[in-house]
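As the structure is a computational prediction, the values presented were derived from the model and not from experiment. Order of the sequence lines sets the chain letters (A, B, ...), proteins ahead of strands, with each chain counted from 1.
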There are 4 protein chains.
Amino acid sequence: MGDGSARREQIIAIATRLIASRGYSSTTVRDIADEAGILSGSLYHHFASKEAVLQEILRTFMDDTLSHFERIVASGGSHREHLDQLIEHAFLTIEQRPDEVRIYQNETGFLMTQPGFEFLVDGAARIEELWIEQITAGQCDGVFRDSVDPRLAFRFIRDAVWSTVFWYRPGGRHTASSVSANYLELLHSGLLAS
Amino acid sequence: MGDGSARREQIIAIATRLIASRGYSSTTVRDIADEAGILSGSLYHHFASKEAVLQEILRTFMDDTLSHFERIVASGGSHREHLDQLIEHAFLTIEQRPDEVRIYQNETGFLMTQPGFEFLVDGAARIEELWIEQITAGQCDGVFRDSVDPRLAFRFIRDAVWSTVFWYRPGGRHTASSVSANYLELLHSGLLAS
Amino acid sequence: MGDGSARREQIIAIATRLIASRGYSSTTVRDIADEAGILSGSLYHHFASKEAVLQEILRTFMDDTLSHFERIVASGGSHREHLDQLIEHAFLTIEQRPDEVRIYQNETGFLMTQPGFEFLVDGAARIEELWIEQITAGQCDGVFRDSVDPRLAFRFIRDAVWSTVFWYRPGGRHTASSVSANYLELLHSGLLAS
Amino acid sequence: MGDGSARREQIIAIATRLIASRGYSSTTVRDIADEAGILSGSLYHHFASKEAVLQEILRTFMDDTLSHFERIVASGGSHREHLDQLIEHAFLTIEQRPDEVRIYQNETGFLMTQPGFEFLVDGAARIEELWIEQITAGQCDGVFRDSVDPRLAFRFIRDAVWSTVFWYRPGGRHTASSVSANYLELLHSGLLAS
DNA sequence: GATGAATGAGGCTTCATTCAT
DNA sequence: CATGAATGAAGCCTCATTCAT
């Protein structure tokens, strides 16, 4: 478990694509095996179970995302810059690893209650903490308006940003960074004129 | 089919609750029948299929939501008032019919591609149209800032607002209307001070 | 049971048509009830069971056919005339009551082994007896060739004749009586020239 | 699918026997699996569906029968000899593969209208063509009487011959070849003396 | 590592039938 | 006579998983 043979990584890649497009419970072990060119039983030489595949996908995603976020807030810059960078990194992730984001967005709600997926709860909590720290600190600095509840602001931003994964398609009207810029402007200054 | 006997409505209510909490594909016909106190085969006296139950749930939800939205934009008031009322009605719906909203949010992405669920595509398109009209008209009025892309603004708001259904719990720190007020303020004026 | 209300006869007529075209086991009680404009449960006010419907269809058919055959052999005329008349009556039946013939041909093989359908075994035996008597007597008369086995000749004729129900369609290339005439000629004189 | 492992062939053999005696729709997947000593779900490791089993049975039967018929008419000999050989081969098939013949006779009428069974329609048409060619050519040769309609003669023979499968039992009063000889004599010369 | 065969549990659905109203 | 609701058995099929080879 966890050693990265080429086969394993190929299977993870296939599973990620399939689960993202069909959902975890509608993706069968045979679907994955078929695309890997092996029989479904043979998958069990690489993974202990279907759930283990999902765990590995989500754990990798969560680890990467969290460590990026940690690096951002540990870097030099103002709290406002940090918040903007967190948002920009989210959009970058959506562009570069949309399948993982989709899986995370779709399956995480139910999975968080399941044994073996505690790392999702922990990771989400840590992320919430990191973001809220930036907002709260930015309010202390007088950069962010005091009247907004930091927790609500965090969820507002988080949900608006990550949800774009469901409709953003590269090559369409917008690039990830144009969406990012628009969202940031709206978030910074609001919808009302003057 | 479609006529609302008491039993039918009771079954719809049970199915709505179960599907909202477990997901459609993880909710079995037996789960629903068990809670209704009948055998699973007996469900087919009331509904043609498991999918027909889901269709009825979503169609009712879509019809109700859409007609409310239509009534709002047809009423007197400025475009800004209309947009605020649309948002407030969404929060009201989340408070009053959270299970239906959850089902819509969770299942709709996949279902929109399935035969028999075209009404979801049509309804979503009509809703997008209604909302975007308010934003665009508000920009003409000079009430909303011109620099935001109306379509992006719509999706930003829509995703932020409807996603609250996944974490909002009545009786917690916030009421639906306090969340609504906070979100409206953030949306109107943005996060930055001054 | 057995009293001939209008409803009963209507149901028998519908069932005959449906069973003839789909087969007994593929015709559902609901199919029949639907066409009768009632609910499937209501059929049980008229018939004890689905099987009872089939029994009534086949019993009527067998009774009518047998009594016609008895009348033919009891009438004046040579044995050869009798045999021809038996055959002609079969073709007439195929033309006038094709659904019943189809049901008989399709279902009878299995049903003969089932309790409640002994009348089919008895009727078929009596028919075989009647026909074979004509053939045997005709051989005694010197009208039919001695070298043919009467039992085999009977089955040869019976199977060739009744099977036409599966392909004969009124309004096509042939009328029932032209088929009848052709078959009789072939049977009488054989295929070889001179 | 289509490759003939030993297990597959064993299952086909079992299914053939069961379907011949009970009919397709009255033979359950469990019946077949039980006799094969496996669970019903395990059948789906070998066949895609119950219908696929039936298709394979009938396709094999049709292919074999058709290729035999083609070989007969391609061989040396007169048209009359060819026709006799076609009939004799049918009786041989009834003796050697009665279950397949029974299935073909029982199920084919309905199946010909079903998607996936077009090969039955095509095969039956090709067989009809082959047989009718012999009859027509024999008429040109002056061997067969001109007054019979070749198409009707074909159906007369076909139905009389293949129907014997429903009553012929090896070890009874007749052998397949004695039935064959009797039928041929009756067909050649007819029933009338002189 | 992979195959091929199987398990066992469970999924959705159908259907003849019953019965209170 | 008919409805409406339900039963209970059974049907076909799916799927994660196991294991001998």
May I have the distance from [X] (atom [atom1]) to [N] (atom [atom2]), rounded to whole angstrom?
X	N	atom1	atom2	result
B/Leu43	F/dT7	CG	P	10 Å
A/Arg7	E/dA2	CZ	C1'	9 Å
D/Asp34	F/dA10	CG	P	12 Å
D/Phe47	F/dT14	CZ	C1'	18 Å
A/His46	F/dA16	NE2	P	17 Å
A/Leu39	F/dA16	CG	P	14 Å
D/Ile32	F/dC13	CD1	C1'	14 Å
B/Arg8	F/dG4	CZ	P	13 Å

Taking side chain to side chain contact (heavy atoms under 4.5 Å, CB included) as the definition, give me every residue that meets it alongside B/Ser49, ordered by chain and number, with sequence neighbours left out.
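Testing B/Ser49 for side chain to side chain contact (heavy atoms under 4.5 Å, CB included), a comparison that skips the adjacent residues, returns B/Glu51, B/Ala52.
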Side chain to side chain contact (heavy atoms under 4.5 Å, CB included) partners of D/Ala15, counting only residues at least two apart:
D/Ile19, D/Ile32, D/Val53, D/Ile57
Mind listing the side-chain donor-acceptor pairs of residues 112-122 of chain D below 3.5 Å, one per line with the distance, residues two or more places apart or on another chain?
residue	atom	partner	partner atom	Å
D/Thr113	OG1	D/Phe110	O	2.8
D/Glu118	OE1	D/Gly116	N	3.1
D/Glu118	OE2	D/Gly116	N	3.1

What pairs meet the salt bridge (charged side-chain N to carboxylate O under 4.0 Å, His left out) rule with one or both residues in residues 103-115 of chain C, with sequence neighbours excluded?
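Passing the test, one end in residues 103-115 of chain C: no pairs.
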Taking salt bridge (charged side-chain N to carboxylate O under 4.0 Å, His left out) as the cut-off, I'd like each qualifying pair that reaches into residues 10-32 of chain B, sequence neighbours left out, listed once.
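Listed once each, the pairs are B/Arg17-B/Glu35, B/Arg22-B/Asp31.
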For C/Arg102, salt bridge (Lys or Arg N to Asp or Glu O under 4.0 Å) partners two or more places apart:
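C/Arg102 satisfies salt bridge (Lys or Arg N to Asp or Glu O under 4.0 Å) with C/Asp99 once adjacent residues are dropped.
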Would you name the heavy atoms of A/Thr93 and A/Val101 that are closest together and state the gap between them?
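Residues A/Thr93 and A/Val101, closest heavy atoms: CG2-CG2, 3.9 Å.
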Once Watson-Crick and G-U wobble pairs under 3.5 Å are found, how is DNA chain E written in dot-bracket notation, 5' to 3', with | for any base paired to another strand?
.||||||||||||||||||||
The side chain of B/Ile38 lies closest to which of these nucleotides: F/dG8, E/dG4, F/dA6?
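The listed nucleotide nearest to B/Ile38's side chain is F/dA6.
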Using the test side-chain hydrogen bond (donor to acceptor under 3.5 Å, both in side chains), find all partners of B/Ser25 that sit at least two apart in sequence or belong to another chain.
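Only A/Ser25 meet the side-chain hydrogen bond (donor to acceptor under 3.5 Å, both in side chains) criterion with B/Ser25.
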Aromatic rings C/Phe61 and C/Tyr104: how do their planes relate, parallel, tilted or perpendicular, breaks at 30° and 60°?
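Because their plane-to-plane angle lies in the 30° to 60° range, the rings of C/Phe61 and C/Tyr104 count as tilted.
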With the sugar-phosphate defined as primed atoms, P, OP1 and OP2, and the base as all remaining atoms, what B/S/- string results for nucleotides 13-21 of chain E, 5' to 3', for protein heavy atoms under 4.0 Å?
BBSSBB---
